[in-house]
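Below: the structure, in structure tokens.
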Amino acid sequence: MDKRKKAAAVELRILVVGSSGPSQFLLTNAILGRQEFSEDVVSIPGSSKKTGELAGRRVAVINGPNIYDKDISKAKRKMELKRSKCLSVPGPHALLVAFDLEKISPNDIKTPKLVMKRFGESCLSHCIVLLAYEGNLDRGTLDDRVLRTDWHLKELVEKFGGRFQVFDKNWRNRGQDRELLQKIEWMVASSGGSHFSSGTFHRAEACVKREERRLKKQRRSETEKALKGLEKQHRGEELRRQKETYNSGVKAEIRAKAEMDNDWLRTSLARGLGTGFTAGAVMGALVGAVEGPWGMVLYGVIGGAVGGAAGGAAQVATEYLEDKVAPSARLNFNSIFINRFFTSARL
């Protein structure tokens, strides 16, 4: 297999980033050619990974909360940034930064700086600006608008190396697939043919691999039992095929679990406990000050315990409830519950 065919066989990992609104989710639908997100979705509380094909090329599309999202706490946003990296390790081949062409503003010029801050200073060489539009607009008119008419749009695109693509919000329009894939592949080739990575992506990959080893060891007896069961039911080529299918399924399941939950991500819960304890201890000490020095100590200890429990419970409850409730309820829960109990340094 020559280098070109070998590269085409590799699954492209695409990390889609949105500034605000539904643009990144419409782009995901457009890449995969199916409606993974409804048109009214403007934000998601957690990161996700979807697989499919773009113009015949296998792709994995990773989404996270919008980078300016104010409906989730800073601690939650930080954890989901980590999770989006775990979902795209050893690193994304492309970061697609999505904007709505009709809603883009001069304020969006700040986006490249924030993208670099969150993913790495050299990530812009792996970025393409994607501009969502609606209607039967002439492509030449759209390109002219980007390159000549709107100064802030031109400046934004230039900060991303001049790479941009306009895409129809109607994901059923498959005429844009080939051009987008070619731009991604050309960008990857011009960057040496590899994916983007950085210190935090290396850390994410190490944690995912460590979690994979832990889960594999945990399931060893179960796996051995299942394989022995197959040996009793099948022979020859059919046994080989059944074993291969089973092992591939277990491997994929373990990988998916490790990407979504590992020790790097679990540190967010520990920090939540620590933050809650500190905040609770301070509040308890302030209340106890009324009773004097011993009151400060007593109420400080009590407040720290309660605060720590609240911080940890908030993080656990969020992750659990977000999988159980409707999108609107998720946002409401995050806004009211997590933002009240969780604080963290800005990313």
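Only a predicted model underlies this, so the values are computations on that prediction, with no experimental measurement involved.
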pair [X]-[Y]: side-chain heavy atoms closer than 4.5 Å:
{"X": "Ser20", "Y": "Phe99", "result": "no"}
{"X": "Glu11", "Y": "Thr51", "result": "yes"}
{"X": "Trp171", "Y": "Ile31", "result": "no"}
{"X": "His126", "Y": "Ser191", "result": "yes"}
{"X": "Leu227", "Y": "Asn247", "result": "yes"}
{"X": "Met187", "Y": "Ile128", "result": "yes"}
{"X": "Leu131", "Y": "Asp100", "result": "no"}
{"X": "Tyr68", "Y": "Lys110", "result": "yes"}

Please name the residue in the list Glu211, Glu212, Glu205 that meets the salt bridge (charged side-chain N to carboxylate O under 4.0 Å, His left out) test with Arg255.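 Looking at Glu211, Glu212, Glu205, the match for Arg255 under the salt bridge (charged side-chain N to carboxylate O under 4.0 Å, His left out) is Glu212.
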So does [X] pair up with [Y], basic N to acidic O under 4.0 Å?
{"X": "Arg241", "Y": "Glu244", "result": "no"}
{"X": "Glu80", "Y": "Arg83", "result": "yes"}
{"X": "Arg210", "Y": "Asp263", "result": "yes"}
{"X": "Glu253", "Y": "Arg219", "result": "yes"}
{"X": "Arg58", "Y": "Glu53", "result": "no"}
{"X": "Glu237", "Y": "Arg240", "result": "yes"}

Between the main-chain N or O of Gly175 and the side-chain N or O of Arg178, is there a donor-acceptor pair closer than 3.5 Å?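 Judged by distance alone, no pair lies under 3.5 Å.
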Do you know which two heavy atoms are closest between [X] and [Y], and how far apart they sit?
{"X": "His202", "Y": "Ser197", "result": "CE1-OG, 3.4 Å"}
{"X": "Lys216", "Y": "Ile254", "result": "CA-CD1, 3.9 Å"}
{"X": "Thr200", "Y": "Lys85", "result": "OG1-NZ, 2.9 Å"}
{"X": "Ile109", "Y": "Pro112", "result": "O-CD, 3.0 Å"}

Atom pair CG/CD of Leu181 and Glu185 - distance to nearest 0.5 Å: 4.0 Å
Distance only, no hydrogens: is a donor on one side chain within 3.5 Å (strictly under) of an acceptor on the other, for [X] and [Y]?
{"X": "Asn66", "Y": "Gln24", "result": "yes"}
{"X": "Asp40", "Y": "Ser38", "result": "yes"}
{"X": "Thr28", "Y": "Glu36", "result": "no"}

Cluster link Leu54 to Leu12, ILVMFWY, side chain under 4.5 Å: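 Cluster IDs for Leu54 and Leu12 match.
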Could you see if Phe164 belongs to whatever hydrophobic cluster contains Leu153? Use Ile, Leu, Val, Met, Phe, Trp, Tyr and a side-chain cutoff under 4.5 Å. yes
Checking side chain to side chain contact (heavy atoms under 4.5 Å, CB included) between Val16 and each of Ile62, Asn63, Leu130, which is the one that passes?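 In the set Ile62, Asn63, Leu130, the residue that makes a side chain to side chain contact (heavy atoms under 4.5 Å, CB included) with Val16 is Asn63.
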Do Phe119 and Phe196 have ring centroids that are under 6.0 Å from one another? no
Do Lys251 and Tyr246 meet the cation-pi criteria used here (NZ or CZ under 6.0 Å from the six-membered ring centre, within 45° of the axis)? no
